[in-house]
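Just so you know, ligand 1 is whichever comes first in the structure, and atom 1 is the first atom listed for that ligand.
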Amino acid sequence: MNKFISRVWKQVLTILTLCIVLSCSKDSDDNSSTNSHDEPKTVTDENGNEQEIDVSENKQSVGDSANDLLSPANFDEIVFELFYVDGFEPTENTIANFEEFLEQRLNKPQGISLELKKMDSPGQESYSANDIRAIEDDIRTSYNIDNTIAVFGIFLDGEYSENTENGSVLGIAYRNTSFAIFEETIKSFSGQTFGPSLTVLESTVLNHEFGHLLGMVNAGTPMQQDHQDVEHGRHCTEDTCLMYWTAETGEGLVNMLSGGTIPDFDSQCLADLQANGGK
Ligand SMILES: [Zn+2]
Ligand SMILES: [Zn+2]
């Protein structure tokens, strides 16, 4: 990786960084409040029959479904229900990148499908993880059913409630099959003339957050070799890896740089994923 690209990547990582620290601490909050009171939901299956499903399977902690997401053993098909607030849709290239990323990593012989759904703004300037859980509970329609595992994602307007002057959160993984992307915040970093493109930023955040759902690092998917950046939680020690966390925070998260590539898992992360049923 040349220096130029690596500088661009550093900027992206700087942004990601902030996101995930908070998300990880939020994950643990969720553990304690795992919803024991969830009512079963009634959904209509592909044959038009109503079926009652246990939504609690989709309300576990981040990383708990890593093997089910990666391997075909329990689920040989996966569906993504991706909501976006009107005006905050990810780019077509971001979705195409994400599909390619999923095809490369997930063993789902019966297929991987994504459905994008537009929604009205919930009308908040900022969202806490609990706000987002409540929104999900309202609008989510896809849950694990038979051999199909379901994932929920939401691209929000507004910002994360725990943003600080030094850190703007771009995404959080907050349940075993749920993540949120702060699209308005991403857009605010992508507009600069020489900064990373919107697609590069979106794709990096999206893939990274989904990486946490895949149990990375050492959080649901066991490590084959030690490469956890323990100081920074569920992240990888390799500084070119998709799952890297950098302690740099800073103003000028996106400097006057152009281009940039979307990072991938490094060899150690890949080995972990493959050992846990992934490709
Ligand atoms: Zn992270
Ligand atoms: Zn890694």
Opening angle between NE2 in His235 and NE2 in His212, taken at the Zn ion (ligand 1), to 10 degrees: 110°

Atom name of the N, O or S atom in His208 that lies nearest to the Zn ion (ligand 1): NE2

N, O or S of Cys241 under 2.8 Å from the Zn ion (ligand 2): yes

Residues, nucleotides or ligands: over 12 heavy atoms within 6.0 Å of Glu52 CD: yes

Centroid separation His235 to His208 less than 6.0 Å: yes

Residue Glu238, metal the Zn ion (ligand 2), N/O/S under 2.8 Å: no

Near-ring test Phe182/Phe155, centroid separation under 6.0 angstrom: no

Apex the Zn ion (ligand 2) - arms OD1 from Asp266 and SG from Cys236 - angle rounded to 10°: 120°

Ring-ring centroid check Phe179 Phe80, cutoff 6.0 Å: no

Side chain Glu89, main chain Val85, donor-acceptor under 3.5 Å: no

